Peer 1: 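A single structure is presented below for examination.
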There are 2 protein chains.
Amino acid sequence: MADPTRARRLRPQDRERQIVQGAIAFFAEVGLDGHTRELARRLGITQPLLYRYFPSKEDLIERIYQEVYLRRWKPEWEAVIADRGLPCIERFRRFESDYQRVIHDYAWLRIFVSAGMKGYDLPRRYLGMVRERVFAPLLAEMRREYALPAPDALPLGEGEFELLFGIHGALVYVGLRGLVYGLALPEDPVATRAALLDSALVGLRQAHCAVVRRALEAASPGGGPPLGSPETEQEETHAARRPSGPHP
Amino acid sequence: MADPTRARRLRPQDRERQIVQGAIAFFAEVGLDGHTRELARRLGITQPLLYRYFPSKEDLIERIYQEVYLRRWKPEWEAVIADRGLPCIERFRRFESDYQRVIHDYAWLRIFVSAGMKGYDLPRRYLGMVRERVFAPLLAEMRREYALPAPDALPLGEGEFELLFGIHGALVYVGLRGLVYGLALPEDPVATRAALLDSALVGLRQAHCAVVRRALEAASPGGGPPLGSPETEQEETHAARRPSGPHP
DNA sequence: GCTTTTGTTTATCACTTCTTCAATTAAGGC
DNA sequence: GCCTTAATTGAAGAAGTGATAAACAAAAGC
C-alpha cells in the first residue's frame, strides 16, 4: 500500500474540495486554457477522475467562479457605503482597503484577467456589480453629502463613475504589476495602496463637485448658484478650469 | 482563376506584412495560445504557409512584440521628461497623454496581458523600460524642482515610483476595463483620461514631498528644515499651465 | 514557346486535447 | 472473514496541435 502512483481513496467531499482548490491554483498559474491532464497530474490523480466530479471542464471553471469571486464578495462592503456615520470619503477608503486586500490575490487577479481574455462575461458581470452595488450608491451618498442634486434629479454620469474607477484602477494596478506582469511587488502592498488611496482621496470631493457642476451646466446653461460649498474648498480653481480634453 | 479557395500569389514582403498584421489582430483577440491553423484560416491561406515565413509560432510572436511594442516606443517620451522648460507635472501630463493614447489599443493591451499571463517577460521588460527611462528621470527632475535631495544623496524610493505608477495604473485601467474585461468603454476615453490625470496631478507634488520627507526622516531622524517649500507650492504647480496640445 | 524560380498547397507525422466507459480496487457494514 | 458500495484507473475515441516534406502552380527570364 501507499502506492505513490495511485491516489489515496478520499471521501467525495474531500476529493472535490481538493480538486477545486487545486484547480484554482492551477488555472491561476497557466490560465483557463490549462489542460485537465496537467491539472490531474498536479493533483496526483488521473484525469478521468476529474470528470467523475465535474461533468466538464467548463463546469469546473464555473465552480471556480463561485469559489473565488461570488463567495468572497462581502455584503459588508455594501453596508459600509450606506453608513451615514462616516464621511463618504472614509466609507470609500474602508471599502477599497478591504476590497483590495481580498482581490490582491494570485488566483483572484489572474483568473479574472484570463476570463476577460477568453471573453467570458465574469469580469463584466463582476465589475458591473461593483459599479451598481458600491459605486452607484456611494456616488448618491456623495451627492447628498456635498449638497449636489440627487441622482433622480440629475442622473449619475459616466464621469462620476470614472472618478471612482480611476482610484480603484490605481489600486488594482499594484497587484496587476506584480501578479500578472511579473514585476516585483512592493514590499508592503497594503501600505502602498493605503498611501495611494490617501493621496487620491484628497482631491476626490473637489473633482466630483466639478464633474457634477459641468454636467449641470451642460443640462441648463447659466443657471443656479454655485454648488458643493466651493468657498470651503481651497483648490477648486484648477480642476474645473481646463476646458476638458482634446475634444467634444 | 481567382480561385477563392486558393490564396493569391503575393510578393514575400507583402505576404509577410499581411501575416504579421493578421497575427496581431488574431492573437489580440484569442490570446497567444491562439492556434496557427485558425490564424491561417482567417488570413485565407494554408497553415504550412505560415511556416514558410516564420520558422515557428514563437518566432512569429517575437515579431509581433517588435511590431506592437518596441516599434511604437517613442524616444520623444524620454525627451519631454528632460525638458526643463516645463514643470515636471506638465512633463508627466504630456508623457501620459501621449503614451496612453498609444497603448489604448485592442492589440497592445490584450497581447500585453496575454504575454503576462503566459509568463513571458515582455511585460516585465517593457514596464522596466517605463520605470527606468521615464519614471526614474522624472522623479529626479521632480526632486530638483521641489528642492528635494538629489537621487545620489537619497536614492529614489519605491514609494516615489508607486506614486507615478498609481496615476499610470488609473489611466491604463480605463482601457483594461473596456478592452480586456469587456465593459463599455467611456464615450471619449481620451477626455476621461485627461480628467483623471488632472485630478490626480493636483496632489502629486505634495504627495511626492511627503514621501521623500518620510524617507529622509527614516534615514536621519529629527534633522533638517522642512522641504519642498510648501508655502509656495500652491500657485506654482499650475503657473505654467498646459500650453496647447499633447506634444511637440 | 519553354525553363527556372518560388509562392502555395496537399498530405502527413507525432503528439495532445477533452471526454467516455468498462474494469479495478479500496473502504464500510455485517 | 465476505459482500456491497463507490472511488479510482486503463484504455481508447474523435478531434485538434505545431511542424515537415514533397507536390503543385503561378509568375519571371530567355
Side-chain angles (χ1 to χ4, degrees), chain A residues 1-24 26-27 29-65 111 114-115 117-120, chain B residues 1-24 26-27 29-65 111 114-115 117-120:
Chain A
M1 12 239 81
D3 182 354
T5 165
R6 206 178 168 79
R8 236 184 70 229
R9 184 189 174 100
L10 290 189
R11 281 160 43 210
Q13 172 186 349
D14 295 338
R15 179 67 74 198
E16 180 176 313
R17 263 188 36 195
Q18 181 215 18
I19 290 177
V20 170
Q21 294 308 312
I24 289 173
F26 173 69
F27 286 122
E29 182 178 334
V30 306
L32 292 173
D33 304 293
H35 303 154
T36 56
R37 271 191 160 75
E38 171 69 5
L39 166 58
R41 204 187 55 71
R42 294 205 194 185
L43 288 168
I45 63 178
T46 57
Q47 186 229 19
L49 189 53
L50 293 175
Y51 285 83
R52 179 92 181 168
Y53 289 86
F54 297 92
S56 74
K57 183 179 171 181
E58 200 181 348
D59 286 86
L60 176 54
I61 290 176
E62 198 61 45
R63 171 63 180 279
I64 288 177
Y65 287 168
I111 293 176
S114 181
M117 284 297 300
K118 295 202 69 177
Y120 296 158
Chain B
M1 16 242 76
D3 182 353
T5 166
R6 207 179 166 80
R8 241 184 66 228
R9 183 187 174 105
L10 290 188
R11 282 158 42 211
Q13 173 187 350
D14 295 337
R15 179 67 74 198
E16 179 175 315
R17 262 188 36 194
Q18 181 215 17
I19 290 177
V20 170
Q21 294 308 313
I24 290 173
F26 173 70
F27 287 122
E29 182 178 334
V30 306
L32 292 173
D33 304 293
H35 303 155
T36 57
R37 274 189 159 79
E38 171 70 5
L39 167 59
R41 202 186 55 73
R42 294 204 192 185
L43 288 168
I45 65 177
T46 56
Q47 183 234 18
L49 188 53
L50 292 175
Y51 285 83
R52 179 90 182 171
Y53 289 85
F54 297 92
S56 74
K57 184 179 169 181
E58 200 182 349
D59 285 85
L60 176 53
I61 290 176
E62 199 61 45
R63 172 65 181 280
I64 289 178
Y65 287 168
I111 293 176
S114 180
M117 283 298 300
K118 294 201 68 175
Y120 297 157

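Computed from a predicted structure; not experimentally measured. What's counted below: heavy atoms across the whole structure, side chains too, no hydrogens, waters or symmetry copies. Numbered from 1 within each chain, the chains take letters A, B, ... in sequence-line order.
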Peer 1: According to a strict under-4.0 Å criterion, is B/Tyr53 in side-chain N/O contact with OP1 or OP2 of C/dG7?
Peer 2: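 For C/dG7, OP1/OP2 do not have a side-chain N/O of B/Tyr53 under 4.0 Å.
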Peer 1: Answer yes or no: is there a side-chain heavy-atom contact under 4.5 Å between B/Asp33 and B/Lys118?
Peer 2: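 Sidechains of B/Lys118 and B/Asp33: in contact.
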Peer 1: Side-chain N or O of B/Arg15 less than 4.0 angstrom from OP1 or OP2 on C/dT8?
Peer 2: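 For B/Arg15, the contact criterion (side-chain N or O under 4.0 Å from OP1 or OP2 of C/dT8) is met.
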Peer 1: Mind calculating the distance between CG (B/Leu43) and P (C/dT9) to the nearest angstrom?
Peer 2: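 The distance from CG of B/Leu43 to P of C/dT9 comes to 11 Å, rounded to the nearest Å.
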Peer 1: Expressed in angstrom and rounded to an integer, what is the separation of B/Arg37 atom CZ from C/dT10 atom C1'?
Peer 2: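 Roughly 12 Å, once rounded to whole Å.
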Peer 1: Determine: side-chain N/O of A/Thr46 to OP1/OP2 of D/dT8, distance under 4.0 Å, yes or no.
Peer 2: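 For D/dT8, neither OP1 nor OP2 has a side-chain N or O of A/Thr46 closer than 4.0 Å.
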Peer 1: State which of D/dA19, C/dT17, D/dA7 makes the closest approach to the side chain of A/His35.
Peer 2: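 The nucleotide sitting nearest to the side chain is C/dT17.
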Peer 1: Which part of the nucleic acid, if any, lies within contact of A/Phe54, taking any heavy atom under 4.0 Å across all strands shown: a base, the sugar-phosphate backbone alone, or nothing?
Peer 2: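 Contact class for A/Phe54: none.
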Peer 1: Of the nucleotides D/dG10, C/dT19, D/dA19, which one has an atom closest to the side chain of B/Ser56?
Peer 2: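 Per side-chain heavy atoms of B/Ser56, the pick is D/dA19.
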Peer 1: How many whole angstroms separate atom CG of A/Asp14 from atom P of C/dA26?
Peer 2: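 Nearest whole value for this atom pair: 19 Å.
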Peer 1: From CD of A/Glu16 over to P of D/dT8, roughly how many Å is that when rounded to an integer?
Peer 2: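 Spelled out: CD on A/Glu16 to P on D/dT8 is 12 Å.
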Peer 1: In whole angstroms, how far is the P atom of C/dG7 from the CG atom of B/Leu49?
Peer 2: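 Those two atoms, CG and P, are 10 Å apart.
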Peer 1: Does a nitrogen or oxygen in the side chain of A/Arg11 sit under 4.0 Å from OP1 or OP2 of D/dA7?
Peer 2: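 Checking D/dA7 against A/Arg11, no side-chain N or O comes under 4.0 Å of OP1 or OP2.
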Peer 1: Looking at CG of A/Leu32 and NZ of A/Lys57, how far apart are the two atoms once the value is rounded to the nearest 0.5 Å?
Peer 2: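 The CG atom of A/Leu32 sits 7.5 Å away from the NZ atom of A/Lys57.
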Peer 1: Write down the distance between CG (B/Leu50) and C1' (C/dG7), rounded to a whole number of angstrom.
Peer 2: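 It works out to 14 Å between those atoms.
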Peer 1: Measure CG/A/Asp33 against P/C/dT16 and give the value in whole Å, please.
Peer 2: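 It works out to 17 Å between those atoms.
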Peer 1: To the nearest angstrom, how far is B/Arg41 atom CZ from D/dG18 atom P?
Peer 2: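 Interatomic distance, CZ of B/Arg41 to P of D/dG18: 14 Å.
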Peer 1: At under 4.0 Å, does any side-chain N or O of A/Tyr51 touch on OP1 or OP2 of C/dC21?
Peer 2: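 Checking A/Tyr51 against C/dC21: no side-chain N or O falls below 4.0 Å of OP1 or OP2.
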